[in-house]
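Notes for the one structure printed next.
Since the model is a prediction, treat every value here as computed from it, not as a measurement.
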Amino acid sequence: MIDDHAAPLAVSMGEPAGIGPDLILRLFSERKGGEVPPFIVYGNAQFLRERASRLGLSIEIVGARPGAAGVIFPHALPVCDVEGDVPDTPGEPQAGSASVVIEAIAAAVADTRAGACRAVVTAPIHKAALYGAGFSHPGHTEYLAALCATDGVTPLPLMMLAHEDLRVVPATIHVPLHEVPKLITTELLIETGRILSRDLAHRFDIAVPRIAFAGLNPHAGEAGTIGLEDRDIIAPAVAALEEEGIAVQGPFPADTLFYPPHWRQHDAIVAMYHDQALIPIKTVAFDSAVNVTLGLPIVRTSPDHGTAFDLAGTGRGSAASFRAALKLADRMAEAGR
Ligand SMILES: NC(=O)C1=CN([C@@H]2O[C@H](COP(=O)(O)OP(=O)(O)OC[C@H]3O[C@@H](n4cnc5c(N)ncnc54)[C@H](O)[C@@H]3O)[C@@H](O)[C@H]2O)C=CC1
Ligand SMILES: NCC(=O)COP(=O)(O)O
């Protein structure tokens with residue numbers, strides 16, 4: 001039986017043309033002192049050797065399975081090799097690398113679901129580069145939910161961006177803005193509130209999570225005079241969650257909800273769409289916020305940023321959010337034990 005306390009984190013390599021591999025290699029280089037929890041990379045070992053060499057990092061890269069990662073990590077980077085031809089072309093995604101990127105995520109999830117790894121930490125992907133290889137999801141969040149389907153049932157995944165005391169959850173995720181009003185249903189918001197409350201308690205040790213809902217329209221609809229969704233869809237969801245004993249409030253006008261004295265009164269804010277949630281948190285904490293997927297049977301985190309093609313292969317760029325993602329995955333996995 002696997003002692004999952006000693007199991008590594010599973011880090012998927014992400015887009016090879018992006019900054020993700022650079023940051024993984026740099027964080028491995030900084031592992032001494034125990035600040036970075038042990039991890040195993042799912043990706044192409046030969047490509048990682050080439051990127052390390054480009055960055056001037058002297059790193060031994062060893063093919064491994066998760067069970068051996070803890071022993072290897074102090075002296076070499078364990079890599080669960082995903083075979084394929086992955087050229088090292090920073091800033092220029094290659095169609096031929098896409099299947100490796102997709103398989104790396106699937107393998108990391110499979111090993112984590114099997115208990116061989118403690119949590120999944122994903123490096124950023126460039127979705128457009130993956131569609132030619134059959135990828136059909138708008139992001140990791142949706143792909144991870146599909147990979148976690150059980151008996152044909154796909155869990156509802158929540159995207160949460162978390163930074164110290166500010167946590168935001170967009171109720172709709174990767175969808176065009178014009179589709180948002182029809183996708184926001186009372187049922188979706190109730191389910192979102194339930195999952196958020198449960199996972200904040202279970203994974204973040206917040207005994208009674210306080211959740212605020214943002215409105216959709218200016219001034220949360222101004223009593224139904226500037227749009228009806230706030231009154232007719234969001235308010236009933238808040239009332240239903242309150243009936244269930246969940247500490248919820250709202251809908252609040254979104255513009256002033258992100259005024260610090262307001263958001264500090266809540267453990268998490270449910271926003272109605274992607275940018276309503278992500279603009280405030282990336283504005284105050286771009287360097288250190290972490291993207292977390294809730295609602296899954298596994299822990300998944302990732303840095304809050306994307307592939308940063310302009311920085312890939314240069315050694316520049318901040319590893320702070322990626323480091324925070326590793327540390328948060330470690331803490332969440334521990335909290336859920
Ligand atoms: N979890 C994931 O897989 C994510 C993937 N993406 C993907 O990334 C691609 C590029 O997206 P963009 O909107 O351009 O966002 P981006 O985050 O890649 O870049 C935006 C700006 O932030 C800078 N930046 C990003 N990471 C940085 C770091 N670690 N240190 C310093 N500066 C950094 C970049 O240089 C750029 O100027 C898209 O294909 C998008 O879908 C975006 C967000 C998350
Ligand atoms: N802007 C963050 C983002 O879109 C990340 O999406 P995902 O790949 O983690 O689903």
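- Judged purely by atom type and a 3.5 angstrom limit, R51 has no side-chain atom pairing as donor or acceptor with the backbone of P21.
- Here the closest heavy-atom approach between residue S97 and residue P16 is recorded as CB-CG, 3.9 Å.
- Taking the six-membered ring for Trp and the full ring otherwise, the centers of Y143 and H140 sit at least 6.0 Å from each other.
- Between R331 and E334 there is no salt bridge, since no side-chain N of the basic residue sits under 4.0 Å from a carboxylate O of the acidic one.
- K282 has no carboxylate O lying under 4.0 Å from a charged side-chain N of D304, or vice versa, which leaves the two without a salt bridge.
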Can V169 and I269 be said to form a side-chain contact (heavy atoms from CB on, under 4.5 Å), step by step?
CA-CA 6 Å; V169 172; I269 291 172; over 6 Å; no

Kindly indicate, with the supporting measurements, whether the criterion side-chain contact (heavy atoms from CB on, under 4.5 Å) is fulfilled by H305 and L23.
CA-CA 12 Å; H305 56 77; L23 301 181; 3.6 Å; yes

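- For the pair T256 and H262, the minimum side-chain heavy-atom distance is below 4.5 Å.
- Counting only distance, with no hydrogens or angles, the side chain of T301 and the backbone of A325 share a donor-acceptor pair below 3.5 Å.
- Looking only at atom types and distance, the side chain of R300 has a donor-acceptor partner in the side chain of T122 under 3.5 Å away.
- Although no hydrogens or angles enter the test, the distance criterion places no donor-acceptor pair under 3.5 Å between the side chain of S53 and the main chain of R49.
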Can L328 and F204 be said to form a side-chain contact (heavy atoms from CB on, under 4.5 Å), step by step?
CA-CA 10 Å; L328 182 58; F204 287 80; 4.0 Å; yes

Salt bridge (Lys or Arg N to Asp or Glu O under 4.0 Å) between D22 and R316, intermediate numbers included
CA-CA 9 Å; D22 305 31; R316 290 186 285 118; over 6 Å; no

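- Both L156 and L294 are part of a single hydrophobic cluster, where members link through side-chain heavy atoms under 4.5 Å apart.
- A donor-acceptor pair is defined here as one N or O able to donate and one able to accept, closer than 3.5 Å; no such pair exists between the side chain of N291 and the backbone of S302.
- Here L161 contributes atom CG and L166 contributes atom CG; the two are 9.0 Å apart, rounded to the nearest 0.5 Å.
- For the atom pair CD of E222 and OG1 of T225, the computed distance is 5.0 Å after rounding to the nearest 0.5 Å.
- Nearest heavy-atom pair, A145 versus L296, reported as atom, atom and distance to 0.1 Å: CA-CD2, 3.8 Å.
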Checking side-chain contact (heavy atoms from CB on, under 4.5 Å) for the pair L177/Y273: CA distance, chi angles, key distance, verdict?
CA-CA 8 Å; L177 195 51; Y273 54 92; 3.8 Å; yes

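- For the 3.5 Å distance criterion, the side chains of T150 and R113 qualify, holding a donor opposite an acceptor.
- We find the CD-NZ distance between E229 and K182 to be 12.0 Å, quoted to the nearest 0.5 Å.
- Side chain of R31 to main chain of P37: no donor-acceptor pair is present (N/O by atom type, distance under 3.5 Å, no hydrogens or angles).
- The backbone N or O of R194 lies less than 3.5 Å from no partner atom in the side chain of S197, so there is not a single donor-acceptor pair.
- F309 has its ring centre less than 6.0 Å from the ring centre of H126.
- For the residue pair N44/E83, the side-chain donor-acceptor check at 3.5 Å is not satisfied.
- Here CG of L311 is found 4.5 Å from CD1 of I19. Values are rounded to the nearest 0.5 Å.
- Between atom CD of residue E142 and atom CZ of residue F135 there is a gap of 8.0 Å, rounded to the nearest 0.5 Å.
- Side chain to side chain, D81 and Y42 fail the donor-acceptor criterion of an N or O pair below 3.5 Å.
- Counting all heavy atoms, side chain and backbone alike, L241 lies closest to L189 at CD1-O, 3.9 Å.
- T192 and L158 get closest at one heavy-atom pair: O-CD1, 3.5 Å.
- Between I102 and A133, the shortest heavy-atom contact is CD1-CB, 3.9 Å.
- Ring-centre distance between F252 and H266: below the 6.0 Å cut-off.
- A side-chain donor-acceptor contact under 3.5 Å links T186 to the backbone of I233.
- Formation of a donor-acceptor pair under 3.5 Å by the T172 side chain with backbone atoms of M272 is found in this model.
- If you look at F39 and F73, their ring centroids are closer than 6.0 Å.
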